[in-house]
Structures are given as structure tokens and as C-alpha cells.
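Below: the structure, in C-alpha cells.
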Amino acid sequence: MALSLVKNVTKIVIGGGALYLTYDQGIWGEGSQSTKAFTRISGQLVAKQPPYVKEVPSTEEMAENVRNGWNSGVMKVCSGVSSAPAFVGKYSEKATSSLALFIRQNLHPNVGK
């Protein structure tokens, strides 16, 4: 019972502390206060970010890369599908001639002489 009470009180204190901290920073105030708070907090976050974060591409660049990759894949698949009949014809002729040669050499050894 006491452990359950401690857990619940801890949760309430953490939630209340978070609410107080955000209210004190101006997040729950008017629009101008919220804008100032956001600018202040984002400025602190940008200053503390590791150097490699600046090398991460923007979402626009990522979207462009994904779009280009998708389009390239679609074009390759369509190209492969459109050229499939030519490849099938070429390899079926090759298989037919190889099979005919095999039959002539192995089943009818005297035909070629």
C-alpha cells in the first residue's frame, strides 16, 4: 500500500513539475510568449547539437532522394519488362539450337557424317 502511494505521488510530482516548468518558461502563455519561449529553447538546442548533426540532410533533400530513387526503380522495372520479350526470344532460340545440336550429336551420331 505504501509503495503504491509513493509511486502515485512520484508520478503526480513529476507531472506537476513538468507543468510548472513549461508554464514558467511561457509555453502556456499568449502566442508571443510561446514564440519567445520556442525561440529561446530552440536556440539552446541548436547550440548544443553535435557537429555531425549539421551534416544530416534536410527533410526536403531526403524527400527528393527518396523520390528520385523510387522513380529510378520504376523506370528500371518498366525497362526490364519491356525488354523481356526480346531476351526470351533470344534465349529460346539459343536453347533450341543447343538442344538440336545435342540431339544430333548424342541420339543420332551418324546424321552429321
Checklist outcome for this item: Heavy atoms of S92 and G89 approach each other most closely as OG-O, 2.9 Å

Item to check | Sidechain-backbone polar pair: S72 side chain, N68 backbone, donor-acceptor under 3.5 Å | outcome: no

Checklist entry - Between the main-chain N or O of A18 and the side-chain N or O of T22, is there a donor-acceptor pair closer than 3.5 Å? => result yes

Checklist entry - Say you draw a straight line from CG of L99 to CZ of R104; how long is it, rounded to the nearest 0.5 Å? => result 10.0 Å

Item to check | Rounded distance (nearest 0.5 Å) linking atom CG of D24 with atom CG of L19 | outcome: 11.0 Å

Checklist entry - Roughly how far, to the nearest 0.5 Å, is the CE atom of M75 from the CH2 atom of W70? => result 14.0 Å

Checklist entry - Nearest heavy-atom pair of G26 and A37: which atoms, and what distance? => result C-CB, 4.3 Å

Next on the checklist: Would a single hydrophobic cluster contain both L5 and V13, if residues Ile, Leu, Val, Met, Phe, Trp and Tyr are joined by side-chain heavy-atom contacts under 4.5 Å?
Outcome noted: yes

Next on the checklist: Could you report the tightest heavy-atom contact between P57 and M62, atom names first, then the distance?
Outcome noted: CG-SD, 3.5 Å

Checklist entry - Counting distance only, does the side-chain N/O of Q33 pair as donor-acceptor with the main-chain N or O of E30 below 3.5 Å? => result yes

